[in-house]
**Student:** 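This is the structure I have questions about; it appears just below.
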2 protein chains.
Amino acid sequence: MLATSKPLSGTAVVPLDGLIRTCNQTENRIATIPPRTKLFLPGIDRSETFRILQGCIALFQLLPDGRRQIVDILGPGRLFGRGISDLHQCGAEALCETQVELVTAVRRSLDAEINQSIRQMLRRAQAHATLLGRKTAGERIATALIDLAGQFSNETGDGFQLHLTRMDLADWLGLTLETVSRYLNRFRREGLVSFEGANRIFLNDRTGLELIAAGRELAAVQ
Amino acid sequence: MLATSKPLSGTAVVPLDGLIRTCNQTENRIATIPPRTKLFLPGIDRSETFRILQGCIALFQLLPDGRRQIVDILGPGRLFGRGISDLHQCGAEALCETQVELVTAVRRSLDAEINQSIRQMLRRAQAHATLLGRKTAGERIATALIDLAGQFSNETGDGFQLHLTRMDLADWLGLTLETVSRYLNRFRREGLVSFEGANRIFLNDRTGLELIAAGRELAAVQ
DNA sequence: CGGCTCCTTGAGCGCTCTCAAGCCCGGTGG
DNA sequence: CCACCGGGCTTGAGAGCGCTCAAGGAGCCG
């Protein structure tokens, strides 16, 4: 299942149409997107929907001067496409090698699932607004770690692959790269988490993180 | 149309069920909600949907320690209810006397409209996340004024009623009451807007506000 | 007139940003 | 095998935007 499709060409930007074509060339409608590929979404009103099988996709918005806000991080199982996020004003980027399956044309019973997916996006977007508007930097990092653990950890222990760079995390959480790094390392020093390399993370004290994420106990030391 | 229904009792908190009952007691299914009424949403999975005819409703989330984030401001024409916003973890509050119409049971052709409404909520929530994560205080205020003008101004000139207090604006924009007041008055001194009383607003220089909202020109003076 | 809520304005603080330097590590080529 | 390079990460020092605390004004209602 993993090796059934070849990676797309090494282009950094792939139009959604090309992705659809690639999927349709395989019998199981699966495509593999190289790391750091930007998915370009032409104005055509395609309603094709993809399911992420493996990997990680970020939805982001840009301000005219280049400031970036990642509005959602999508892990395995999540749906995306113009039909879902409308991708109104969003771009999408695969943060690592990502496998997607084209699911639209496969079955019509999909509508209910797409509906559920949109509601999930809305629920997450509103929770994220609360994070961005009212949580401190430490609370944001803790919240993010719990969310990512939920989306990316296997059943084997609490470790998970952090597909986001510090910069990605900053753009997701409304912080700067340096602040993200400081709090991650603070949490490591305090024993809440540990790293393997810079990008594999273990939650050693999930309860502690949840307390911090909820806005309790975390002295503001920087 | 405005006087067809009597205001609900003066209680500050109204369960959604009561609102539905009140609507059903009038032939046109309209209810009037007093200012500052909190709409309580019991766990029952009612999918009834309301359309706002007049007034203003805020959807908000609370953190355990009382911090509040308003995740959306709904004006006339917008739909709301458990079926729309799921009201996952949201509360709702009428910011002024608000007239709503119960539309669910009326017609089945409503589904497409509800779908559109959810997508609109998602689009707005993601744009708001970008505002909260990446815009400065002045940019947030300018963006908010333009949004509110769009939702609440009649065709008669650019004036509109500001149903939100400074505190509401702060909770919507991820700021404090004082910062909101400072920037509103700064914009007034600069001739971008003017007030009648504290709560009727005129956009004198919409283009200027749009430039600021987009992140251009606005010296950080405070 | 007093009391209330909401708003305005000032002064100073602090959390997070900015700027800067240096480290880690994998890749590449001599 | 090692030097070099570059991207990503860490850490420090200082600055600034927005917050906190505080006082007072404006409008409303009894």
Side-chain angles (χ1 to χ4, degrees), chain A residues 10 12 35-36 65-69 95-96 131-142 144 161-190 193-201 212 215 218-222, chain B residues 10 12 35-36 65-69 95-96 131-142 144 161-190 193-201 212 215 218-222:
Chain A
R36 291 292 150 181
D65 60 3
R67 280 174 283 178
R68 184 174 79 144
Q69 176 65 48
L95 300 185
C96 60
L131 175 147
L132 292 169
R134 287 300 180 221
K135 290 190 179 180
T136 65
E139 291 164 12
R140 297 181 199 196
I141 302 282
Q161 190 65 26
L162 179 67
H163 299 299
L164 294 79
T165 66
R166 303 296 188 259
M167 188 67 210
D168 293 330
L169 279 169
D171 284 343
W172 188 29
L173 303 177
L175 301 169
T176 58
L177 172 167
E178 295 93 332
T179 299
V180 169
S181 179
R182 278 187 246 272
Y183 274 96
L184 282 179
N185 284 291
R186 174 176 170 186
F187 287 172
R188 180 178 50 74
R189 283 193 300 273
E190 291 175 350
V193 303
S194 44
F195 302 150
E196 258 181 34
N199 289 327
R200 183 155 199 94
I201 297 192
I212 295 172
L218 177 70
V221 178
Q222 163 91 299
Chain B
R36 291 293 150 180
D65 60 3
R67 280 174 283 178
R68 183 173 79 144
Q69 176 67 46
L95 300 185
C96 60
L131 176 147
L132 292 170
R134 286 301 179 220
K135 290 190 179 180
T136 65
E139 292 163 12
R140 296 181 199 196
I141 303 282
Q161 191 64 26
L162 180 66
H163 299 300
L164 294 79
T165 66
R166 304 295 187 260
M167 189 66 212
D168 293 330
L169 279 169
D171 284 343
W172 188 29
L173 303 177
L175 300 168
T176 58
L177 170 166
E178 295 92 333
T179 299
V180 169
S181 178
R182 278 187 247 272
Y183 274 96
L184 281 179
N185 285 291
R186 173 177 170 185
F187 286 172
R188 179 177 51 73
R189 283 192 300 274
E190 292 175 348
V193 303
S194 44
F195 302 151
E196 257 181 35
N199 288 328
R200 182 154 198 95
I201 298 191
I212 295 172
L218 178 70
V221 178
Q222 165 90 298

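So you know, we letter chains A, B, ... as the sequences are listed, proteins then strands, and number each from 1.
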**Student:** Mind calculating the distance between OH (B:Tyr183) and C1' (C:dT8) to the nearest angstrom?
**Tutor:** 16 Å

**Student:** Short question: side chain of A:Arg166, backbone of A:Leu177 - any donor-acceptor pair under 3.5 Å?
**Tutor:** no

**Student:** Taking all non-hydrogen atoms of both residues into account, name the closest pair between A:Ala137 and A:Leu175 and its distance.
**Tutor:** CB-CD2, 3.9 Å

**Student:** In whole angstroms, how far is the C1' atom of C:dT16 from the CZ atom of A:Arg166?
**Tutor:** 18 Å

**Student:** What integer distance in Å separates B:Leu184:CG from C:dT9:C1'?
**Tutor:** 14 Å

**Student:** Just by modelled atom types, is the A:Val193 backbone N or O under 3.5 Å from a matching donor or acceptor in the A:Arg188 side chain?
**Tutor:** no

**Student:** State which residue, out of A:Leu132, A:Leu164, A:Leu131, fulfils the side-chain contact (heavy atoms from CB on, under 4.5 Å) condition with A:Trp172.
**Tutor:** A:Leu164

**Student:** Where each residue is assigned the nucleotide of DNA chain D containing its nearest heavy atom, which of A:Leu164 and A:Arg134 is assigned the position nearer the 5′ end?
**Tutor:** A:Leu164

**Student:** Check whether any side-chain N or O of B:Thr179 sits under 4.0 Å from OP1 or OP2 of D:dG18, and answer yes or no.
**Tutor:** no

**Student:** So does A:Gln69 get a backbone contact from the side chain of B:Arg134, meaning a donor-acceptor N/O pair under 3.5 Å?
**Tutor:** no

**Student:** Between C:dC7 atom P and B:Phe187 atom CZ, what is the distance in whole Å?
**Tutor:** 17 Å

**Student:** Taking only the side-chain heavy atoms of A:Asn199 (C-beta and beyond), determine which of C:dT16, D:dC9, D:dG18 contains the nearest atom.
**Tutor:** D:dC9

**Student:** Tell me which residues in residues 170-178 of chain A lie within less than 4.0 Å of DNA chain C, going by non-hydrogen atoms.
**Tutor:** A:Gly174, A:Leu175, A:Thr176, A:Glu178

